[in-house]
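So the structure is just underneath, and the comments pick up after that.
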Amino acid sequence: MLDIKMFRDHADVIRADHDKRGIAHDSIDEVIRLDEAWKKTRYDADQLRRQRNQAARGIAEAKKAGDSTEAERILAEVASLGDQIDELGIEADNLVNSRDTLRMKIPNILHQSVPVGENEDGNTLHSKHGEKGEYTFTPKTHNELVDQNNWVDLPRAAKIAGSRFYFLKGDLARMELALQQYAIDCLTAKGYTFVQPPVMMNRSAYEGVTDLSDFETVMYNVQPEGFYTIATSEHPLTAMFMDEVIEPSMLPLKMVGVSPCFRREVGAHGQSDKGIWRVHQFTKIEQIIISKPEDSWELHEELLTNCVELWDSLGLHYEVVNICTGDMGTVAAKKYDLEAWLPGVDAYKEVVSCSNCTDYQANRLRMRYRTAEGNEAVHTLNSTAVATSRALVAIVEQNQMEDGLVQIPEVLQPYMQGQKVLQSCKW
RNA sequence: GCGGACGUCGCAUAGCCUGGUAUCGCGCCGGAUUUGAAAUCCGGUGACCUCGUGUCGCGAGAGUUCGAAUCUCUCCGUUCGCGCCA
């Protein structure tokens, strides 16, 4: 959510940003209109409250002085004030609620380095890492490979849960765990604190970190408590300091989180999403930073550097893409994606997303830090380190051999008792 | 699940019984003093607005009242005891 001061003092900046994104200004104008109406109504209500408070003080004094006639007189005079105050108060509440409901939907201000484009075709190449491997045979898709080796059981998962769930089995499941440990070790070595978050959140905290439409399409709602299962550990870790004033000496707060991630994937279909590429549940190791505003752009680059080092060390070929205006969501001010090459389909597909959300989430979460001038909103950043299901797909496809077995990346071998090749499951 | 206690500005705490201006301390910021620092002293330190002798704010919401941190109810959270439990 953008600071209301942006609408009052720098509406031109928001308008220019909407122009870049190619969206109309209607909502901005409406927020400004509602804000002015709220300020006026609020002022009127305050004036009445002031009258009432003065009267109440008068009554207190009169009673102390033992003058009950005077007390009765003031009481009669202000008898109707309460109703008027209630009326104006409700009106003011309605106005400010409408204002903020609308304000929540207005996207973050983009960084100037974000390329302008209508859709994902406008994303620009930031950097290339590694080379396409050369195969003396026709590379298979990960679906064919996990099927051939009995590493994934989709039909039985569908039977007991539903489509887009999976059993992960044998050596592939072992490598999944190795990936988790390796990624966590890499980041804790860089000074990031390992945190395991709750995997469910209440609605009010969740509203602080996500696009409102996600409640209808992304998160599972768990009854009877009404919790939401997290779609990524970004959400609990970012919301962790909700409603707090953080000591500046604690910043920047760097965390590496691991959690299962749950996604309903409403409306998501298509041949390319078969197998374990797009699923309802997967594990993700996530980097989170909470920082002072002046440090966030440098730290955004640090997050990307961490990803690059991690993915390079796995020996994988991928590209880094700078997401354009038309492909950016509501929350991020700038976003890099890592797209790994999948030889089975000869395409680059998203495996990592690295965002600077500036003060957008912090404003919603009322998450501030102390400065000489007062309390100011912090900046929040997040980046995938490894989403294991997708990393497995990239490894399986890129490291496949002619017999359909898969070489284990060297850095993961120590986590698998030195094993070098993933073996098939018997059943 | 049952029963009790508790929730007050960044932290810590008083006020609650008996309704009538949000207390003291620490930390932090500014000023005085100092070559500098420490110590000391003074002031400030939640949010909002049309910036006032203004309004709101004591976990959230509702109620009683001219007026609620204070009384009543519901909910949330923390904690202790009992029960169940990996």
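Bear in mind the structure is a predicted one, so any value in this text is a computation, not a measurement.
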Between [N] ([atom2]) and [X] ([atom1]): distance, integer Å:
X        : N     : atom1 : atom2 : value
A:Arg42  : B:U55 : CZ    : P     : 11 Å
A:Leu48  : B:C56 : CG    : P     : 11 Å
A:Asn375 : B:C28 : CG    : C1'   : 11 Å
A:Arg50  : B:U50 : CZ    : C1'   : 12 Å
A:Glu247 : B:U45 : CD    : C1'   : 13 Å
A:Gln84  : B:C66 : CD    : C1'   : 14 Å
A:Ile85  : B:C56 : CD1   : C1'   : 12 Å
A:Glu225 : B:C76 : CD    : P     : 10 Å

Distance between [atom1] atoms of [N] and [M] (Å, rounded):
N     : M     : atom1 : result
B:G67 : B:A62 : P     : 15 Å
B:C73 : B:C6  : P     : 14 Å
B:G31 : B:A12 : C1'   : 27 Å
B:A37 : B:C29 : P     : 13 Å
B:A68 : B:G19 : C1'   : 6 Å

query = Going by atom types only, do A:Ser291 and A:Asp295 share a side-chain donor-acceptor pair under 3.5 Å?
reply = no

Scan every strand shown for a Watson-Crick or G-U wobble partner of [N], both distances under 3.5 Å, and answer none if you come up empty.
N     : answer
B:A5  : B:U78
B:U72 : B:A62
B:A22 : none
B:A12 : none
B:U45 : B:G27
B:A32 : B:U40

Which part of the nucleic acid, if any, lies within contact of [X], taking any heavy atom under 4.0 Å across all strands shown: a base, the sugar-phosphate backbone alone, or nothing?
X        : answer
A:Arg370 : base
A:Arg49  : sugar-phosphate
A:Asn53  : sugar-phosphate

ask   = Do the ring centers of A:Phe215 and A:Tyr228 come within less than 6.0 Å of each other?
value = yes

query = Could A:Arg278 and A:Glu265 be called an ion pair, given the rule that one side-chain N must be under 4.0 Å from one carboxylate O?
reply = yes

query = For the atom pair CD (A:Glu309) and CG (A:Leu187), what is the distance rounded to the nearest 0.5 Å?
reply = 9.5 Å

ask   = Which nucleotide, B:G54, B:A47, B:C56, lies nearest any side-chain atom of A:Arg52?
value = B:C56

ask   = A:Asn306 and A:Tyr192: side chain to side chain donor-acceptor pair (under 3.5 Å), yes or no, with the steps?
value = CA-CA 11 Å; A:Asn306 292 343; A:Tyr192 288 61; 3.0 Å; yes

message = Would you say CD of A:Glu87 has more than 12 non-hydrogen atoms from neighbouring residues, nucleotides or ligands within 6.0 angstrom?
response = no

